[in-house]
> 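The structure is given below, and queries will be raised subsequently.
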Amino acid sequence: MTRHGLSFDVEDWQQLVALRLDGTIGEPSSDIDECVPRILDLCEQLDVKATFFVLGMLAKSRPRLVRSIAAHGHEIASHSLNHKLLYRMTRSELLDDLRGSKRLLEDLAGGEVKGFRAPEFSVQGLDSPCFEALIEAGFTYDSSVFPVPQLRYGVTGAPHLPFEIQTRSGVLVELPLATARVGPWRIPIAGGSHFRLLPTWFVKQAASRADERDEPLVFYFHPYEFTRRWLYAKGGFARNRIVGKYVALHNFATWRIEQSLRALSEQLDFVPLRDLAVANARSTGRTPS
């Protein structure tokens, strides 16, 4: 049976909204304390293990959540230290961010952190210097490439199956996010607003076709998509008006996430992303690191 990657980007919606509006790192909201345990319970019900890409600034405020995720047997990976877009950092800043997040998460989880996912998938292209920086910082795989054109985070021409990126510092395994072909187009089905817009039957059908072709898919979700409450920015109408589109987008059809994930788990064999990275390294004849 084909194995597919299940992942969660562990970040607090309120904390990121405040960072976007004020440029300051505040305390996470209580939503994260409710949603992460809810996700862990769901994974236990579905009998699956996943990769949790944890944001460093959240881990600093909620170290117990990182320890809890690790204690449940899930993989801890990095989602950067402070959620800065990679292309807005100098090489020195990027290396400091990567090394800092890796060190922080390893101290909390008690194990090696091998995987990375860029904030907002901000690698921009397969020639990005971030891939070499990831190798230098000690990572062995990345899952930031969306192999679709004409999206703000898409990478035109990128393979839609796991592949390797050669850098001067070594080889990095890339686990691209799930897509499906519809006629001449390839569309994202991995998570986010696309996953919520698409009907469950379509995602299941696309996943079934990929499974039959032995093509691994990588899905991603966020804690806020498992909240029971409406998301809005703290600070009243004026602040919510500034981020109105952001608020509307992140509240749309969140109820569908758990429903669709439960349905997918009935037909797909979900594993942490490190397992896919190791399998890819073996398929190319390399010794998995």
> What's the spacing between Glu11 CD and Ser80 OG if we round to 0.5 Å?
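Interatomic distance, Glu11 CD to Ser80 OG, rounded to 0.5 Å: 9.0 Å.
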
> Above 12 or not: heavy atoms from other molecules or residues under 6.0 Å from CZ of Arg88?
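For Arg88, atom CZ is not crowded (no more than 12 foreign heavy atoms under 6.0 Å).
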
> Give a yes or no answer on whether the side chain of Ser260 reaches the backbone of Arg256 with a donor-acceptor pair at less than 3.5 Å.
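Confirmed, Ser260 side chain pairs with Arg256 backbone.
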
> Under a 3.5 Å cutoff, is there a donor and acceptor pairing between the side chains of Thr227 and Glu34?
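Side chains of Thr227 and Glu34: no pair found under 3.5 Å.
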
> Say whether, by atom type as modelled, one donor and one acceptor occur between the side chain of Ser61 and the main chain of Pro28 under 3.5 angstrom.
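No.
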
> About how many Å separate OG1 of Thr156 and CZ of Arg186, when rounded to the nearest 0.5 Å?
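Arg186 CZ to Thr156 OG1: 13.0 Å, rounded to 0.5 Å.
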
> Do the charged groups of Glu266 and Arg262 touch, with an N to O distance under 4.0 Å?
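No salt bridge links Glu266 with Arg262.
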
> Tell me whether the rings of Tyr220 and His222 are parallel (<30°), tilted (30 to 60°) or perpendicular (>60°).
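Because their plane-to-plane angle is over 60°, the rings of Tyr220 and His222 count as perpendicular.
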
> Using a 3.5 Å distance criterion without hydrogens, assess whether the side chain of Thr179 forms a donor-acceptor pair with backbone atoms of Ile187.
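Not at all, since once roles are kept as given, no pair shorter than 3.5 Å links the two residues.
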
> Are the side chains of Gln15 and Leu58 in contact, using a 4.5 Å heavy-atom criterion?
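Yes. Closest side-chain heavy atoms under 4.5 Å.
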
> Can you see which heavy atom on Val123 is nearest to which on Ser144, and at what distance?
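Heavy-atom minimum between the residues: CG1-CB, 3.6 Å.
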
> So Phe121 and Phe146, would you call those rings parallel, tilted or perpendicular, with 30° and 60° as cut-offs?
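Geometry flag for Phe146 against Phe121: perpendicular rings.
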
> Evaluate side chain to side chain contact (heavy atoms under 4.5 Å, CB included) for Val173 paired with Thr140, printing each intermediate quantity in order.
CA-CA 6 Å; Val173 175; Thr140 60; over 6 Å; no

> Is Glu27 close to Arg62 at the side-chain level, that is, under 4.5 Å between some pair of heavy atoms?
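Yes, at least one pair of side-chain atoms sits under 4.5 Å.
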
> Show the numbers, then the answer: is there a side chain to side chain contact (heavy atoms under 4.5 Å, CB included) between Glu258 and Leu42?
CA-CA 9 Å; Glu258 183 172 337; Leu42 176 61; 4.1 Å; yes

> Does the side chain of Pro119 come within less than 4.5 Å of Leu86's, by heavy atoms?
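In short, these two side chains touch, coming nearer than 4.5 Å.
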
> Parallel, tilted or perpendicular: which describes the rings of Phe221 and Phe219, with under 30° parallel and over 60° perpendicular?
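Parallel: the ring planes of Phe221 and Phe219 meet at under 30°.
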
> For the atom pair CD1 (Ile257) and CG (Leu261), what is the distance rounded to the nearest 0.5 Å?
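Ile257 atom CD1 to Leu261 atom CG measures 8.0 Å (nearest 0.5 Å).
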
> Would you please test Leu16 and His83 for side chain to side chain contact (heavy atoms under 4.5 Å, CB included) and show each step?
CA-CA 8 Å; Leu16 291 185; His83 210 266; 3.8 Å; yes

> What I want to find out is whether Lys84 reaches Glu120 closely enough, with some N-O distance under 4.0 Å, to be called a salt bridge.
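So Lys84 does not pair with Glu120 through a salt bridge.
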
> Strictly distance-based, threshold 3.5 Å: is any side-chain N or O of Glu106 a donor or acceptor partner for the main-chain N or O of Val113?
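It does hold such a pair.
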
> Looking at Leu175, is its backbone amide N or carbonyl O close enough to the side chain of Ser143 to form a donor-acceptor pair, meaning the two atoms are under 3.5 Å apart?
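Indeed, once roles are kept as given, a pair shorter than 3.5 Å links the two residues.
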
> Test your reading of the model: is there a side-chain donor-acceptor pair from Arg3 to the backbone of Val271, 3.5 Å cut-off?
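Side chain of Arg3 to backbone of Val271, a donor-acceptor pair under 3.5 Å: no, none is there.
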
> Quick one: do Val182 and Phe195 end up in the same hydrophobic cluster if we chain Ile, Leu, Val, Met, Phe, Trp and Tyr together by side-chain heavy atoms under 4.5 Å apart?
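Cluster IDs for Val182 and Phe195 match.
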
> So do the side chains of Glu174 and Phe131 get within less than 4.5 Å of each other, counting heavy atoms only?
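Yes, their side chains come closer than 4.5 Å.
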
> Give the minimum heavy-atom separation between Val145 and Asp142, together with the two atoms involved.
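Result for this residue pair: N-OD2, 4.4 Å.
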
> For Glu44 and His72, does a side-chain donor sit closer than 3.5 Å to a side-chain acceptor?
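Side chains of Glu44 and His72: no pair found under 3.5 Å.
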
> When you group the ILVMFWY residues by side-chain heavy-atom contacts below 4.5 Å and let the links chain together, are Leu104 and Leu95 in the same group?
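No: no chain of side-chain contacts under 4.5 Å links Leu95 to Leu104.
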
> Considering only heavy atoms from C-beta outward, does the side chain of Arg64 approach that of Asp33 to under 4.5 Å?
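Yes, close enough: below the 4.5 Å cut-off.
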
> Within the 4.5 Å heavy-atom criterion, are Pro223 and Asp31 side-chain neighbours or not?
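Contact flag for Pro223/Asp31 side chains = no.
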
> Can you name the residues that form a ring pair (Phe, Tyr, Trp, His ring centres under 6.0 Å) with Phe116, not counting sequence neighbours?
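Applying ring pair (Phe, Tyr, Trp, His ring centres under 6.0 Å) to Phe116 gives Phe139.
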
> With distance as the sole test, does Ser101 use its side chain to make a donor-acceptor pair with the main-chain N or O of Asp97 at under 3.5 Å?
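Yes.
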
> Starting at CG of Leu55, measure out to CG of Asn82 and round the result to the nearest 0.5 Å.
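Reported to 0.5 Å precision, the distance equals 7.0 Å.
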
> Specify the closest pair of heavy atoms between Ser169 and Glu132, including all atoms of both residues, with the distance to one decimal.
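For Ser169 versus Glu132, the nearest heavy atoms are OG-OE2, 3.1 Å.
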
> Hey, is Glu136 close enough to Arg168 for a salt bridge, meaning N to O under 4.0 Å?
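Here Glu136 does not pair with Arg168 in a salt bridge, since their nearest N and O are not under 4.0 Å apart.
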
> Can you check whether Leu6 reaches Thr51 side chain to side chain, under 4.5 Å on heavy atoms?
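When only atoms from C-beta onward are counted, Thr51 and Leu6 do not touch, as no gap falls below 4.5 Å.
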
> Does some side-chain heavy atom of Phe202 sit less than 4.5 Å from a side-chain heavy atom of Leu197?
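No, too far: nothing below the 4.5 Å cut-off.
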
> Please step through side chain to side chain contact (heavy atoms under 4.5 Å, CB included) for the pair Trp185 and Val148, ending with a clear verdict.
CA-CA 9 Å; Trp185 302 283; Val148 288; over 6 Å; no

> Examine Leu276 and Leu161 and state if one hydrophobic cluster contains both, with Ile, Leu, Val, Met, Phe, Trp and Tyr joined whenever side-chain heavy atoms are less than 4.5 Å apart.
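Leu276 does not cluster with Leu161.
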
> Give the minimum heavy-atom separation between Ile189 and Ala180, together with the two atoms involved.
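What the structure gives for the nearest pair is CG2-CB, 4.0 Å.
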
> Looking only at heavy atoms, what is the nearest atom pair of Ala263 and Thr200, with distance?
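The answer is CB-CG2, 4.0 Å.
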
> Nearest 0.5 Å, what's the CZ-CG distance between Phe270 and Asp275?
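Rounded to the nearest 0.5 Å, the CZ-CG separation comes to 13.5 Å.
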
> Donor-acceptor check, side chain of His74 to backbone of Lys49, threshold 3.5 angstrom: yes or no?
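No: the side chain of His74 does not pair with the backbone of Lys49.
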
> What distance do Ser265 atom OG and Gln45 atom CD have between them, rounded to the nearest 0.5 Å?
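One finds 10.0 Å between OG of Ser265 and CD of Gln45.
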
> Strictly below 4.0 Å, N to O, side chains only: are Asp9 and Arg117 in salt-bridge contact?
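Salt bridge flag = yes for Arg117 with Asp9.
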
> Taking only Lys NZ, Arg NE, NH1 and NH2, and the carboxylate oxygens of Asp or Glu, determine whether Glu75 and Lys114 approach each other closer than 4.0 Å.
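Between Lys114 and Glu75 there is no salt bridge, as every charged N stays at least 4.0 Å from the carboxylate O atoms.
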
> Minimum heavy-atom separation for Val155 to Gly125, with atom names?
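In terms of heavy atoms, the two residues are closest at CG1-CA, 4.1 Å.
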
